[in-house]
Amino acid sequence: QVHLEESGGGLAQPGDSLRLSCSASGRTFRNGAMGWFRQAPGKEREFVGVIWRNGGHTYYGDSVKGRFTISRDSAKTTVYLQMNNLKSEDTAVYYCAADATIILSELWNPGAYDYWGQGTQVTVSS
């Protein structure tokens with residue numbers, strides 16, 4: 001059984017940094033993708049970023065480019081989301097997502113991912 005376990009959310013002030021982690025168990029996603037989406041109250045789930053295939057190609061949503069960085073461990077079972085220069089609009093529930101066979105054109109589509117974590121709250125407020 002596949003399980004994605006997120007950690008690292010919490011409360012931050014504008015300009016602060018946080019790092020989220022997502023550990024996968026039950027299968028590997030070396031040839032697929034692991035990444036992050038977020039959802040704020042009353043809004044649709046938004047693509048944040050993803051790391052894809054063995055080459056580790058990374059892609060980011062426009063709203064986080066230059067501030068957020070995705071990386072993974074050498075075993076390729078844990079993905080990290082380093083969030084710098086946080087803004088109030090980054091407040092949301094952050095979800096880890098994974099899929100073993102997703103193609104490049106679908107990376108931005110939450111419906112294309114088979115596996116999801118339970119979500120972790122990130123609140124940015126002064």
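- Rounding to the nearest 0.5 Å gives a distance of 7.5 Å between CE of Met34 and OG1 of Thr77.
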>> side chain to side chain contact (heavy atoms under 4.5 Å, CB included), that's the test. Do Arg27 and Tyr115 meet it? Break it down for me.
In response: CA-CA 11 Å; Arg27 74 172 300 169; Tyr115 303 103; 3.7 Å; yes
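- Leu86 contributes atom CG, which lies 5.0 Å from atom CE of Met83 (distance to the nearest 0.5 angstrom).
- Side chains of Gln121 and Thr123: a donor on one and an acceptor on the other come within 3.5 Å.
- In this structure, Ser63 OG and Glu46 CD are separated by 4.0 Å, a value rounded to the nearest 0.5 Å.
- Of all the heavy atoms in Arg38 and Ala92, the pair that sits closest is CB-CB, 3.9 Å.
- Contact record, Ala24 with Leu4: CB-CD2, 3.6 Å, taken as the closest heavy-atom pair.
- For Gly9 against Val122, the heavy-atom pair with the smallest separation is CA-CG2, 4.1 Å.
- To the nearest 0.5 Å, atom CG of residue Leu18 and atom CG of residue Leu11 are 8.5 Å apart.
- In the hydrophobic clustering, where aliphatic and aromatic side chains (Ile, Leu, Val, Met, Phe, Trp, Tyr) are joined below 4.5 Å either directly or transitively, Tyr95 groups with Phe37, Phe47, Val50, Trp52, Tyr59, Val93, Ile102, Leu104, Leu107, Trp108, Tyr113, Trp116.
- Looking at Gln13 and Asp16, their side chains never bring a donor and an acceptor atom within 3.5 Å of each other.
- At distances below 3.5 Å, at least one donor-acceptor pair connects side-chain atoms of Arg67 with backbone N or O atoms of Asn85.
- Counting non-hydrogen atoms of neighbouring residues, nucleotides and ligands closer than 6.0 angstrom, the CD atom of Glu44 reaches no more than 12 such neighbours.
- The minimum heavy-atom distance linking Glu6 with Cys96 is given by the pair OE2-N, 2.6 Å.
- Thr91 and Ala40 get closest at one heavy-atom pair: O-CB, 3.7 Å.
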>> Checking Trp36 against Leu20 for the side chain to side chain contact (heavy atoms under 4.5 Å, CB included) test, could you report, in this order, the C-alpha distance in whole Å, the side-chain angles of both residues, the deciding distance, and whether it holds?
In response: CA-CA 10 Å; Trp36 298 89; Leu20 305 183; 3.6 Å; yes
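- Between Asp73 atom CG and Ser23 atom OG the span is 7.5 Å, to the nearest 0.5 Å.
- Side chain of Tyr60 to main chain of Ile70: a donor-acceptor pair is present (N/O by atom type, distance under 3.5 Å, no hydrogens or angles).
- The nearest pair of heavy atoms linking Ala100 to Phe29 is N-CD2, 3.6 Å.
- Under the 3.5 Å distance criterion, with hydrogens and angles disregarded, no donor-acceptor pair is assigned to the side chains of Arg19 and Tyr80.
- Between the CZ atom in Arg30 and the CZ atom in Arg53 there is a gap of 15.5 Å [rounded to 0.5 Å].
- Although no hydrogens or angles enter the test, the distance criterion places no donor-acceptor pair under 3.5 Å between the side chain of Asp114 and the main chain of Asp99.
- Remark: the His3 side chain and the Gln1 side chain contain no N/O donor-acceptor pair separated by less than 3.5 Å.
- With salt bridges taken as basic N to acidic carboxylate O contacts below 4.0 Å, none links Lys87 and Asp90.
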